Visitor: 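Dropping a structure here in structure tokens format, bear with me for questions.
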Amino acid sequence: MLRLIARRLIFAVVTLWVVSMVVFSAIELLPGDACQAFLGQMAQGKRLENCRAEHNLNAPAYARYSDWALGLASGDLGKSIKRSKPLEEIIGPRFRNTVILGLTAALVGIPLAIVLGALAALYRDRRADLWISFIAIFCMTVPEFITGTLLISFFSVWLGWLPGIVIMRADAPILEVLSKIVLPVMTLTLVMVAHIMRMVRTSMIDVLASDFVMMSQLKGVSRVRQVVMHALPNALLPTINLIALNIAWLMGGVLVVEVVFNYPGIGRLSVNAISDRDFPLVQAIALLMASLYVALNLIADLLALVLNPKLRTRGAGL
Amino acid sequence: MSSAVTILKGVTATRSGKIGVVLVGFHLLLALVAPWLVPYEFDAQTAVIDHAGPSLAHWAGLDTLGRDVLTRTLLGGREALLVTIFGTGLAVVWGSFFGVLAGYLGGRIDELIMRSVDIFLAIPWMIFLLLVIASFGNAPMVMILTLGFFYGIGVVRMARAATLEVVVKDYVLAAKARGERPLSIMMTEILPNVRDVLMVESAMRWSWMLLAFSALSFLGFGVTPPTPDWGLMIANSRIYLALAPWPVLMPMIALSSLIIGINLTADALAKSLGVDKTTRALV
């Protein structure tokens with residue numbers, strides 16, 4: 001068990017290390033260096049030289065990579081080309097906002113998805129299931145920017161209940177953030193619920209057909225107890241890892257949702273950074289998102305280990 | 001050809017499959033013939049009050065710049081379809097090549113390929129796509145290559161998993177015993193037997209790639225104005241939603257109907273081929 005956990009931890013670190021190299025070399029391979037990209041047509045003479053000197057671009061690539069990587073390891077994200085504030089101050093509050101957005105959506109969405117998935121499985125092929133599944137297909141196929149725009153037009157243009165876009169400072173206090181994220185959270189939740197609900201439904205159908213559920217029924221266990229205590233925990237196991245794997249996908253969705261609602265998070269920051277050609281900032285955000293993905297997958301792996309004794313034997317799993 | 005007919009019959013056996021195939025077929029046909037159908041030039045501007053609603057001359061009204069919304073909607077899916085069809089093809093070809101290779105050979109090579117896949121899955125692909133497009137431009141070729149690369153990573157996993165189920169079958173062992181070369185075993189024994197999984201996979205991936213492409217063009221990275229594109233049209237007109245719903249609604253309906261069509265087709269395809277796809281990750 002400990003060995004398995006250690007192996008997964010080591011692999012997570014190796015993943016991040018390789019990702020950092022891929023991100024760094026991808027930016028190296030782009031035409032022009034960070035200063036040329038940022039300055040554009042003004043990239044000549046003294047201005048270019050000063051910029052390169054300031055960002056240490058004259059050093060060879062491996063030296064700059066090791067500087068960057070060592071800085072990251074000690075918590076220094078690097079220096080933005082366009083923005084004068086240190087990167088930590090730019091990224092920090094926006095990263096917090098994105099985490100708040102994602103976490104709220106997950107806290108609302110995952111329980112809802114589990115309930116709906118279980119219901120759809122219990123009423124399989126009956127009217128409730130068909131409706132739930134039909135709405136789910138609609139929510140997961142229609143792009144986030146369309147659902148977002150539809151929600152805006154319904155709740156803020158038509159009903160006038162909620163503000164259509166988020167107007168706030170990136171470092172607003174948490175309560176203010178929470179009061180303004182209803183529509184973005186709703187948009188994100190719709191997509192997330194649809195995906196997770198379908199997974200729960202499928203594995204729930206499998207579990208409901210298994211021997212031990214039949215056994216519990218023969219023992220005379222009540223239907224509610226049978227579903228909640230026997231079937232559901234076993235149906236959730238296979239979905240945990242799938243949820244974690246889908247997080248990479250949801251992160252792409254978060255980016256679009258943040259742009260739609262003008263939400264000051266890391267996704268919108270990355271789009272702005274790319275438009276400004278602020279490569280050090282892009283680099284830092286890319287690595288941060290990768291770390292988030294790796295951390296969430298690690299948590300899902302460990303959760304699966306805790307919940308499923310079968311995975312704990314040596315050689316299983318990883 | 002006969003197998004294509006069989007597959008189509010299987011897909012259209014259910015009502016939702018029929019709807020899906022009709023929607024996809026309609027969009028494909030439209031993308032081909034739209035240039036001869038449209039009433040106006042896609043960038044022709046009419047000098048009347050902008051945001052004019054539907055009229056006899058302009059069935060779906062005009063957008064902010066006085067351009068015919070119907071024309072732009074009819075033309076707005078062409079680049080998206082071009083990029084995503086070739087992109088999906090590329091993704092499935094390279095993904096299944098490495099997936100089958102990993103599943104068949106096993107051992108060190110399998111380990112190497114799958115660990116690389118795990119690492120590449122950690123890369124925030126959306127940022128990468130934006131970065132590549134910002135640097136190399138949004139020519140269809142650039143989009144096809146980058147989308148094709150990132151969407152192939154997940155195909156590797158699927159193709160490998162499907163291959164692992166096939167390699168233990170007797171006919172593969174028999175081929176090995178006959179002394180056939182690995183390449184020919186992969187081509188003639190394994191590939192035909194993982195074909196069903198790959199077809200369902202392609203259909204799903206096509207719809208996801210279309211989502212990604214429309215998100216890119218919504219963000220302003222997909223096509224260059226004034227080229228009409230659904231994502232970009234929604235992005236440009238959505239601020240005027242309360243004033244003029246048509247320029248937003250038309251591309252929304254077009255894009256949603258295409259994506260829903262592909263998904264319904266994929267669902268029906270999976271059902272008729274007996275491939276379980278709901279327990280799949282999206283990656």
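Here is how names work: the chains are called A, B, and so on, in the same order as the sequence lines, proteins then strands, and each is numbered from 1. FYI, side chains are in, hydrogens and waters are out, and symmetry mates aren't considered; it's all heavy atoms of this structure. Nothing here was measured: the structure is a model prediction, and the numbers come from that model.
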Visitor: Which pair of heavy atoms, one from A:Val142 and one from B:Leu211, lies closest together, and at what distance?
Guide: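 Shortest heavy-atom contact: C-CD2, 4.3 Å.
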Visitor: Working to the nearest 0.5 Å, report the span between OG1 of A:Thr141 and CG of B:Leu264.
Guide: 8.0 Å
Visitor: Give, as side chain, backbone, both or neither, the part of B:Leu255 having an atom under 4.5 angstrom from any heavy atom of chain A.
Guide: side chain
Visitor: I would like to know whether A:Val260 and B:Phe218 meet side chain to side chain contact (heavy atoms under 4.5 Å, CB included); could you show each step before the answer?
Guide: CA-CA 9 Å; A:Val260 170; B:Phe218 177 79; 3.6 Å; yes
Visitor: Could you go through A:Asn297 and B:Asp118, starting from their C-alpha distance and side-chain angles, then the distance that decides it, and tell me whether this counts as side chain to side chain contact (heavy atoms under 4.5 Å, CB included)?
Guide: CA-CA 11 Å; A:Asn297 269 287; B:Asp118 284 343; over 6 Å; no
Visitor: Considering only heavy atoms and a distance below 4.5 Å, find which of B:Val248, B:Leu210, B:Val132, B:Ile259 pairs most often with chain A.
Guide: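 Highest number of pairs under 4.5 Å: B:Ile259.
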Visitor: Taking B:Ile123 as the fixed residue, which of A:Leu287, A:Val22, A:Val18 is the one that meets the side chain to side chain contact (heavy atoms under 4.5 Å, CB included) rule?
Guide: A:Val22
Visitor: State, to 0.1 Å, how close A:Phe279 and B:Ser135 come at their nearest heavy-atom pair, and which atoms those are.
Guide: CZ-OG, 4.3 Å
Visitor: I need the B:Arg238 CZ to A:Leu150 CG distance, nearest 0.5 Å.
Guide: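 The CG atom of A:Leu150 is 11.5 Å from CZ of B:Arg238, to the nearest 0.5 Å.
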Visitor: Would you say B:Met141 has more than 12 foreign heavy atoms packed within less than 6.0 Å of its CE?
Guide: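 No, CE of B:Met141 has 12 or fewer neighbouring heavy atoms, counting only those of other groups under 6.0 Å.
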Visitor: Using non-hydrogen atoms only, which part of A:Val294 is less than 4.5 Å away from chain B: side chain, backbone, both, or neither?
Guide: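 Side chain of A:Val294 only, per the 4.5 Å heavy-atom cut-off to chain B.
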Visitor: Any idea which heavy atoms bring B:Ala122 and A:Tyr293 closest together, and the distance?
Guide: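 So the minimum-distance heavy-atom pair works out to CA-CD2, 3.3 Å.
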Visitor: With a 4.5 angstrom heavy-atom cut-off, could you sort out which part of A:Thr149 is near chain B: side chain, backbone, both or neither?
Guide: both
Visitor: Testing the basics here: between A:Ala286 and B:Pro124, what is the closest heavy-atom pair and its distance to 0.1 Å?
Guide: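 Residues A:Ala286 and B:Pro124, closest heavy atoms: O-CG, 3.3 Å.
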Visitor: Please state whether the side chain, the backbone, both or neither of B:Leu219 comes within less than 4.5 Å of a heavy atom of chain A.
Guide: side chain
Visitor: Report the distance from atom CG of A:Leu269 to atom CD1 of B:Ile127, rounding to the nearest 0.5 Å.
Guide: 9.0 Å
Visitor: Return yes when atom CZ of B:Phe128 has more than 12 non-hydrogen atoms of other residues, nucleotides or ligands closer than 6.0 Å, and no otherwise.
Guide: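 Buried by this count: over 12 neighbours within 6.0 Å.
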Visitor: In Å and rounded to the nearest 0.5 Å, what is the OG to CG distance from A:Ser133 to B:Asp267?
Guide: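 Result: 10.0 Å between the selected atoms.
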Visitor: Would you say CZ of B:Phe120 has more than 12 non-hydrogen atoms from neighbouring residues, nucleotides or ligands within 6.0 angstrom?
Guide: no
Visitor: Is there side-chain contact between A:Ile27 and B:Leu131, with at least one heavy-atom pair below 4.5 Å?
Guide: yes
Visitor: Where on A:Leu16 is there a heavy atom nearer than 4.5 Å to chain B: the side chain, the backbone, both, or neither?
Guide: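 When you check distances to chain B, no heavy atom of A:Leu16 falls under 4.5 Å.
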Visitor: Would you say the side chain of B:Asn263 lies within less than 4.5 Å of the side chain of A:Met140, judging by non-hydrogen atoms?
Guide: no
Visitor: Check whether A:Ile137 gets within reach of chain B through its side chain, its backbone, both or neither, counting any heavy atom under 4.5 Å.
Guide: side chain
Visitor: Step through the shown structure and confirm whether more than 12 heavy atoms of other residues, nucleotides or ligands are within 6.0 Å of CD1 on B:Ile109.
Guide: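 No, not enclosed.
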Visitor: More than 12 heavy atoms of other residues, nucleotides or ligands under 6.0 Å from CZ of B:Phe136: is that the case?
Guide: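 Correct, the count exceeds 12.
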Visitor: Can you find a pair of side-chain heavy atoms, one from A:Ser275 and one from B:Phe221, that are under 4.5 Å apart?
Guide: yes
Visitor: Residue by residue, scan residues 229-236 of chain B and write down, ordered by number, those that have a heavy-atom distance under 4.5 Å to chain A; if none do, write 'none'.
Guide: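 When heavy atoms of chain A are the reference, residues 229-236 of chain B contributes B:Gly231, B:Ile234 within the under-4.5 Å range.
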Visitor: Please answer whether the main-chain N or O of A:Phe11 pairs with a side-chain N or O of B:Arg115 as donor and acceptor at a distance below 3.5 Å.
Guide: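 Not confirmed, B:Arg115 side chain does not pair with A:Phe11 backbone.
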